Amino acid sequence: MLKKYGKYAVSIYASYVLIFNAIAFLLPTTKTATFWIGYGFTMLAYAMQLGVYYFTYGKVKTTKEAYFATTVANYAFSHMNTQVLFGIICIFFSQIPVKYALFGSILIFALGLLAVSKAMLGTKIVSDIDTKVKIKTYYMRSLIIDLQKLLAEAEGYETYEEVRKVLETVKYSDPMNNEALVHLEEKISDQYEELVIAVEKNNVVKVRELCREINILFVERNNKLKLLK
C-alpha cells in the first residue's frame, strides 16, 4: 500500500511544506526567535506526519490494518494542523515572548506525540488480540472445512445425514480452544480420521457409531470450555 500511494502522500505533504515556507519567507515577517520557534516546530510536525505515515501504512495488507493505520495517521494530521496554525501565529506575531512561543509549541508537540502513541498502542493491542483469536479458532475452522469436504463426498449415500449432523454440531460449538483441552481435541481428531475412512467405504454402521462418539466428545468439550472461562 505504501508503494502504491506513497508518492501521492509525499506530494501532498511537500505541497504543505512549500505553502508554509512561502508564507514564512515570501511575505513580510520579522525573523525573531519566536518566528524560528514557530517555524522549527512546524517543520518537525511535518516530519512527524511523514514518519507516522511510513510506519503505519508501510506494512498494511488488509482493510482492517488500513483502518487502524488511518486512525493513527488522523491523530498525527490533527497535530500537524494545530502546529501549522500556531506556527503561522508565531510568524506574523513574532513579538510574542519567546517563553510563550516555546511553551505553546512544546505543549502541542507533546500532546500530539501522546495522542499518536496511544493510538498506535491501541492498534497494537487490537492487532495482537485479533492474531490470538485466529490462532485459538484455527482448530475449529479447520475442522469445519474438513467436514464440509467430507459431507460433499458423502452426498448421495446413506452416510450423508450423519455427517451433516456432526457438521452442524461443530458449527454451533464454541470456536475457541484451550490448552487444557488438547487431549480431548486429539481424541476428536482421531475419531474424525476414522470417520473419513468409514465414509469412503460407505460403512453406515461405523459412520453412525463414530458420529455419535464425536457428538459426545463435543458436548464434553463445550461444557469444559464453559468451566474454563
Side-chain angles (χ1 to χ4, degrees), residues 1-6 54-74 117-229:
M1 185 170 182
L2 184 64
K3 291 181 179 179
K4 186 176 181 181
Y5 300 108
Y54 177 81
F55 285 110
T56 54
Y57 285 102
K59 297 181 180 180
V60 166
K61 294 179 181 178
T62 65
T63 303
K64 184 179 288 186
E65 289 175 349
Y67 172 78
F68 290 144
T70 301
T71 301
V72 176
N74 283 341
S117 298
K118 286 177 67 177
M120 292 183 74
L121 177 61
T123 297
K124 182 68 168 61
I125 291 172
V126 172
S127 179
D128 288 347
I129 291 173
D130 189 51
T131 301
K132 287 179 181 178
V133 168
K134 285 181 180 178
I135 293 172
K136 284 183 172 292
T137 58
Y138 175 78
Y139 172 79
M140 291 294 287
R141 289 186 289 115
S142 178
L143 184 58
I144 288 172
I145 291 171
D146 291 340
L147 279 167
Q148 287 173 333
K149 181 175 178 293
L150 187 63
L151 185 65
E153 292 174 359
E155 189 169 0
Y157 295 93
E158 293 180 60
T159 55
Y160 179 86
E161 188 60 26
E162 297 298 327
V163 176
R164 188 192 66 78
K165 289 177 182 177
V166 172
L167 177 58
E168 289 299 307
T169 298
V170 177
K171 278 184 177 180
Y172 292 104
S173 294
D174 193 322
M176 301 297 285
N177 67 347
N178 190 292
E179 291 180 2
L181 301 178
V182 170
H183 180 64
L184 186 59
E185 289 178 348
E186 285 177 354
K187 282 185 179 179
I188 293 172
S189 296
D190 291 341
Q191 295 285 57
Y192 171 76
E193 293 301 323
E194 289 187 39
L195 179 63
V196 172
I197 296 171
V199 169
E200 288 175 353
K201 293 180 178 180
N202 195 29
N203 188 335
V204 180
V205 175
K206 187 66 175 177
V207 167
R208 284 175 180 167
E209 179 187 335
L210 289 167
C211 287
R212 179 177 174 277
E213 290 175 2
I214 291 173
N215 281 323
I216 291 171
L217 287 171
F218 264 99
V219 170
E220 182 183 353
R221 175 188 178 275
N222 293 336
N223 288 334
K224 284 184 177 180
L225 271 174
K226 289 177 182 178
L227 294 175
L228 291 168
K229 289 183 177 179

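The structure displayed is predicted, hence computed values, not measured ones. When reading the values below, keep in mind they use all heavy atoms of this one structure, side chains included, and skip hydrogens, waters and symmetry mates.
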Let me confirm one number: the CD1-CD distance from I188 to E193, rounded to the nearest 0.5 Å. 13.0 Å
Residue pairs passing the salt bridge (charged side-chain N to carboxylate O under 4.0 Å, His left out) test with at least one member in residues 181-190, sequence neighbours excluded, are E185-R221
Is there side-chain contact between N223 and L227, with at least one heavy-atom pair below 4.5 Å? no
Can you pull out every side chain to side chain donor-acceptor pair (under 3.5 Å) where at least one residue sits in residues 151-160? Sequence neighbours excluded, please. K149-E153
How many angstroms lie between atom OG1 of T169 and atom CG of L217, to the nearest 0.5 angstrom? 11.5 Å
Side chain to side chain contact (heavy atoms under 4.5 Å, CB included) filter on I144, not counting sequence neighbours, yields Q148, L167, V170, K171
Using atom types as modelled, flag every donor-acceptor pair under 3.5 Å from a side chain in residues 196-211 to any protein atom, sequence neighbours excluded.
from, atom 1, to, atom 2, distance (Å)
N203, OD1, K206, N, 3.1

Return the OG to CG distance between S189 and L195, rounded to the nearest 0.5 Å. 12.0 Å
Looking at OH of Y192 and CG of L143, how far apart are the two atoms once the value is rounded to the nearest 0.5 Å? 7.0 Å
One should read off an interatomic distance between L225 CG and L184 CG, to the nearest 0.5 angstrom, of 9.0 Å
With sequence neighbours left out, write down each residue that passes salt bridge (Lys or Arg N to Asp or Glu O under 4.0 Å) with K224, or none if nothing qualifies. E220
Of all heavy-atom pairs between I214 and Q191, which one has the smallest distance, and what is that distance? CG1-CB, 3.7 Å
Salt bridge (Lys or Arg N to Asp or Glu O under 4.0 Å) partners for D174, two or more places apart: K229
